[in-house]
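Each remark here refers to the structure printed beneath this line.
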Amino acid sequence: MAEMFVSFLLPGSCRDEVLGDLYERYKGPLQYAADVIFTVPLVIASKIRRRSDPQTALIEVMTMYLVYGAAAWFVDRSYLRTGSALLRLAIPPAATMGLFALWDVYTTSRRKPVLCVALGGLFAIGSVPIEILACGVLMIAAFVVIILLMFPRFLGWHR
Amino acid sequence: MVNPVSLGPFEQLVLTAILTLGDDAYGVSIQAKVGELSHPIPASLGSVYVTLDRLEDKRLVSSRLSDPTPERGGRAKRCYRLEALGELALERSAVTAKRIWETVFDLLGKDRAKGWVR
């Protein structure tokens, strides 16, 4: 049961060997749990580091931040004048980048779905007005479609 | 001339463990050997995985999956092998460490320097 849960947490690229190593070290449930706690997060972080490209990530996050800023400008300009608006607008791009990183690790595909953008927007509900989020997600989706039509191989995004 | 890659202390330990273990270098055995080498400081399996990934990115080691075995619950091992660049980097690190040791040995004297090794 515990092994099934750990198997679910581990990225496919290293699942077999990590599960085997944990199995080989098994001495009892507490030791196994400690091994999992101190091993699995580091394995996931290492795979994220290996699969992510900082330059592309920076371009993606900056573009998304600018698009959410533009969405706020179009939908409700007064929101941009509130105290922490510029900081709050960074939440959906940051959440989307987190989802992109996980997507890269847990799938073999290098392509990132626009679905991640929508989910990233969902994570920011409560911190950014929903109209701005919806507008931002739609603008990013439209932006991605335009980029895909112009440069099909540029971003490797699909759907 | 290949530009040698500089290694951190933990990377040196992992490469030394792989060199020592030969064909039997995989996650658990590397972690055990690194623990032996770094005694009394323990080495966690997670930190060994992270370092192995980094060394593989630097092309200092290569890996392959072995056949599944029953003592591992039918799971395969990822076996690591030292590459030529890894050997060169480890050699440079060992030479530097030897030079440091000799300098300390000369400056502090035989008895005091030997007292460090337990």
Side-chain angles (χ1 to χ4, degrees), chain A residues 1-58 98 100-110, chain B residues 5 7-11 13-15 17-18 21 23-36 38 41-81 83 86:
Chain A
M1 188 75 180
E3 198 179 35
M4 266 177 66
F5 177 67
V6 178
S7 163
F8 172 74
L9 291 177
L10 285 166
S13 59
C14 63
R15 188 174 292 139
D16 223 29
E17 63 261 27
V18 175
L19 280 177
D21 285 349
L22 292 172
Y23 185 94
E24 199 178 317
R25 282 169 55 85
Y26 183 87
K27 289 189 189 87
L30 279 179
Q31 174 271 334
Y32 189 80
D35 259 7
V36 168
I37 290 166
F38 291 112
T39 303
V40 174
L42 287 175
V43 169
I44 296 169
S46 178
K47 298 298 170 200
I48 288 175
R49 184 196 61 77
R50 278 191 104 173
R51 286 195 63 107
S52 59
D53 173 11
Q55 285 174 337
T56 312
L58 189 67
F100 278 172
L102 292 175
W103 175 269
D104 278 344
V105 168
Y106 285 95
T107 62
T108 51
S109 167
R110 297 282 295 178
Chain B
V5 179
L7 299 172
F10 200 74
E11 288 175 330
L13 288 171
V14 171
L15 284 181
I18 294 171
L21 292 162
D23 289 341
D24 196 35
Y26 67 100
V28 174
S29 67
I30 295 171
Q31 186 245 344
K33 182 52 82 179
V34 169
E36 248 176 61
S38 67
I41 301 163
S44 75
L45 194 57
S47 57
V48 168
Y49 285 135
V50 172
T51 308
L52 285 169
D53 277 350
R54 203 167 49 234
L55 292 172
E56 212 172 0
D57 289 344
K58 291 182 183 175
R59 299 182 194 285
L60 302 181
V61 299
S62 58
S63 70
R64 63 174 177 84
L65 275 178
S66 71
D67 292 329
T69 52
E71 63 267 21
R72 290 170 56 82
R75 311 274 184 189
K77 286 176 191 170
R78 183 166 289 280
C79 295
Y80 290 87
R81 206 186 70 165
E83 289 297 317

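Any value given below was found using the heavy atoms of this structure, including those in side chains, with hydrogens, waters and symmetry copies removed. Note on naming: letters A, B, ... go to the chains in the order of the sequence lines (proteins, then strands), and numbering restarts at 1 for each one.
- Checking B:L7, B:I30, B:V34 one by one against B:L15, the side-chain contact (heavy atoms from CB on, under 4.5 Å) holds for a single residue, B:L7.
- The two residues A:A101 and A:I48 come nearest to each other via the heavy atoms CB-CG2, 3.9 Å.
- Neither the backbone nor the side chain of A:V40 comes within less than 4.5 Å of any heavy atom of chain B.
- Side-chain contact between A:V18 and A:V6 is absent, with no heavy atoms from C-beta onward closer than 4.5 Å.
- Looking only at side-chain heavy atoms (C-beta outward), A:L22 and B:V28 stay at 4.5 Å or farther from each other.
- Distance check, rounded to the nearest 0.5 Å: CD of B:E83 to CG of B:L55 gives 11.5 Å.
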I'd like a table of the N/O donor-acceptor pairs between chain B and chain A - cut-off under 3.5 Å, distance only.
unit_1 : atom_1 : unit_2 : atom_2 : d
B:Y26  : OH     : A:E24  : OE1    : 3.1
B:Y26  : OH     : A:E24  : OE2    : 2.4
B:Q31  : OE1    : A:R25  : NH1    : 2.6
B:Y49  : OH     : A:D21  : OD2    : 2.5
B:D53  : OD1    : A:K47  : NZ     : 3.2
B:D53  : OD1    : A:R50  : NH1    : 3.1
B:D53  : OD2    : A:S46  : OG     : 2.6
B:D53  : OD2    : A:K47  : NZ     : 3.2
B:D57  : OD1    : A:R50  : NE     : 2.8
B:D57  : OD1    : A:R50  : NH2    : 3.0
B:D57  : OD2    : A:R49  : NH1    : 3.4
B:D57  : OD2    : A:R49  : NH2    : 2.9
B:R72  : NH1    : A:D21  : OD1    : 2.7
B:R72  : NH1    : A:E24  : OE1    : 2.8
B:R72  : NH2    : A:E17  : O      : 3.2
B:R72  : NH2    : A:D21  : OD1    : 3.1
B:A76  : N      : A:D16  : OD2    : 3.3
B:R78  : NE     : A:E17  : OE2    : 2.8

